[in-house]
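All remarks here apply to the structure that follows.
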Amino acid sequence: MITSFISHPHCDRHHMGPGHPESPKRLEAITARLALSGVLQQTMQSDAKPASDEQLARVHPLRHVRALEKCVPEQGIVTLDADTLMNPDSLIAARLAAGAVVRGVDQVFRQQADNVFCAMRPPGHHAEASEAMGFCFYNNIAVGAAHARAQYGVERIAILDFDVHQCNGTIDIFRDDPGVLICTSFQYPFYPWRYLNPDYPNVIATPLDPGSDSRVFRRAVEHDWLPALQAHRPELVLVSAGFDAHRDDPLADIRLEYEDFHWITELAMDIARTYAGHRLVSALEGGYDLNALGRSAEAHVKALLGLPYDRHA
Ligand SMILES: [Zn+2]
């Protein structure tokens, strides 16, 4: 397997002030852990390129993109909502984060890689078509899905989102779109307090009670997601890889283990192998305990590389 690792140093320049959990330390923690475990060295590494206006406009109206750009401060930090803030570098990082998924889609369709992990921030899955929120500005995974459709004529795409928060943005953009199957597991009831009971034929929602553990999570995913994925037969598998359902995460109350992130990644890869010629592109979403985030990402990338996971190794 050739696994591509896409990142960009400019992501570190986007910050939302001291004490904000979505901080530059997150990518540092991931990169350090992947390097320490020897996993990073087994990937094909490249830098993201910024998404173009045309690529963003497939999922975000250009007037919204322009309105966001008008909010960028020349210095300091401005507040978009209670937890989403911008500094002068934020939207450049956000363009790169969306562009990373575009580049990942290009790599799998040009057969330069079998699968891809985009280690980028800001995250994207809370960004709705016309609203930035929840630490997110552009919906990175949605921009990648729209690119696959426009550039490669892909008709059936699956987006698997195991972040602990509901992907309201992704649902907002692709609701009632039969070509895009969205499978999402999330703590319920919980932030983002929108689309929590989505009633769309292309959205498979798997709400999890606070305190849910590995067994509950795996059983629910197998029961809810697998039949829908097998019926959909996706030509591309996209993953919104949030690691904030880990038991140590400070923002939520689900109790997943590192092994669960390896397991869900293998499940996604099984679908990609069966229907999509292995094509799978994953993008970082949440995950706020730095140690757990690094080790969860390690389990994820090990699965992408076809390696087993042993937390004691
Ligand atoms: Zn999250």
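Only heavy atoms go into these numbers, but all of them, side chains included; no hydrogens, no water, no symmetry mates.
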Discussion item. Assess the residue pair Met16 and Ile77 against the criterion (side-chain contact (heavy atoms from CB on, under 4.5 Å)); give the C-alpha distance rounded to whole Å, side-chain angles, the decisive distance to 0.1 Å, and a yes or no.
Written reply: CA-CA 7 Å; Met16 298 187 281; Ile77 293 176; 5.5 Å; no
For [X] and [Y], work out which heavy atoms get closest and say how close.
{"X": "Ala129", "Y": "Asp172", "result": "N-OD2, 2.9 Å"}
{"X": "Glu285", "Y": "Asp163", "result": "CB-OD2, 3.5 Å"}
{"X": "Met120", "Y": "Leu27", "result": "N-CD2, 4.0 Å"}
{"X": "Arg26", "Y": "Gly286", "result": "NH2-C, 3.2 Å"}
{"X": "Ile157", "Y": "Pro234", "result": "C-CB, 4.1 Å"}
{"X": "Pro210", "Y": "Tyr188", "result": "CD-O, 3.7 Å"}

Interatomic distance, [X] atom [atom1] to [Y] atom [atom2] [nearest 0.5 angstrom]:
{"X": "Met44", "Y": "Thr3", "atom1": "CE", "atom2": "OG1", "value": "9.5 Å"}
{"X": "Ile171", "Y": "Ile182", "atom1": "CD1", "atom2": "CD1", "value": "5.5 Å"}
{"X": "Leu267", "Y": "Leu229", "atom1": "CG", "atom2": "CG", "value": "7.0 Å"}
{"X": "Glu259", "Y": "Asp310", "atom1": "CD", "atom2": "CG", "value": "8.0 Å"}

Donor + acceptor pair across side chains of [X], [Y] (<3.5 Å):
{"X": "Ser90", "Y": "Asn87", "result": "yes"}
{"X": "Asp106", "Y": "His147", "result": "yes"}
{"X": "Thr184", "Y": "Gln166", "result": "yes"}
{"X": "Arg175", "Y": "Tyr195", "result": "yes"}
{"X": "Thr170", "Y": "Asp161", "result": "no"}

Worksheet item: Would Met133 and Leu56 show up in the same hydrophobic cluster when neighbours are defined by side-chain heavy atoms closer than 4.5 Å?
Response: no
Discussion item. I'd like to know whether Phe186 forms a side-chain contact (heavy atoms from CB on, under 4.5 Å) with Phe162, so could you lay out the CA-CA distance, the side-chain angles of the two residues, the decisive distance to 0.1 Å, and finally the verdict.
Written reply: CA-CA 7 Å; Phe186 53 97; Phe162 53 80; over 6 Å; no
Cationic N near anionic O, under 4.0 Å, [X] to [Y]:
{"X": "Glu257", "Y": "Arg247", "value": "yes"}
{"X": "Glu131", "Y": "Arg194", "value": "yes"}
{"X": "Glu155", "Y": "Arg149", "value": "no"}
{"X": "Asp53", "Y": "Arg95", "value": "yes"}
{"X": "Glu298", "Y": "Arg295", "value": "no"}

Worksheet entry | side-chain hydrogen bond (donor to acceptor under 3.5 Å, both in side chains) between His8 and Asp47, intermediate numbers included | CA-CA 5 Å; His8 198 285; Asp47 278 353; 4.6 Å; no
Item to complete: Kindly determine whether Tyr200 and Asp177 satisfy side-chain hydrogen bond (donor to acceptor under 3.5 Å, both in side chains), including the steps that lead there.
Response: CA-CA 9 Å; Tyr200 305 102; Asp177 182 334; over 6 Å; no
Practice prompt. Please test Tyr288 against Phe135 for ring pair (Phe, Tyr, Trp, His ring centres under 6.0 Å), starting from the C-alpha separation and ending with a verdict.
Written response: CA-CA 12 Å; Tyr288 304 99; Phe135 316 162; 5.7 Å; yes
Worksheet item: Can you tell if the side chain of Pro123 reaches within under 4.5 Å of the side chain of Glu22, non-hydrogen atoms only?
Response: yes
Worksheet entry | Min side-chain heavy-atom separation Val116-Ile6 under 4.5 Å | yes
Worksheet entry | Pair His300-Ser282, side-chain hydrogen bond (donor to acceptor under 3.5 Å, both in side chains): steps then yes or no | CA-CA 9 Å; His300 181 57; Ser282 166; 2.7 Å; yes
Discussion item. Could you go through Leu293 and Ile30, starting from their C-alpha distance and side-chain angles, then the distance that decides it, and tell me whether this counts as side-chain contact (heavy atoms from CB on, under 4.5 Å)?
Written reply: CA-CA 7 Å; Leu293 174 62; Ile30 289 174; 3.8 Å; yes
Discussion item. In terms of relative ring orientation, are Phe137 and His14 parallel, tilted or perpendicular, with 30° and 60° separating the classes?
Written reply: perpendicular
Item to complete: Give me the ring orientation class for His165 and Phe190: parallel if the planes are under 30° apart, tilted from 30 to 60°, perpendicular past 60°.
Response: parallel
Worksheet item: Going through the distances and angles, do Val281 and Asn115 end up as a side-chain contact (heavy atoms from CB on, under 4.5 Å)?
Response: CA-CA 6 Å; Val281 179; Asn115 57 45; over 6 Å; no
Worksheet item: Given the rule in the side-chain hydrogen bond (donor to acceptor under 3.5 Å, both in side chains) test, do Thr84 and Asp81 qualify, once you have shown the distances and angles that lead to the verdict?
Response: CA-CA 5 Å; Thr84 311; Asp81 71 19; 2.9 Å; yes
Worksheet item: In the hydrophobic clustering (ILVMFWY, side-chain contacts below 4.5 Å, transitive), which residues join Tyr309, or is it alone?
Response: Tyr258
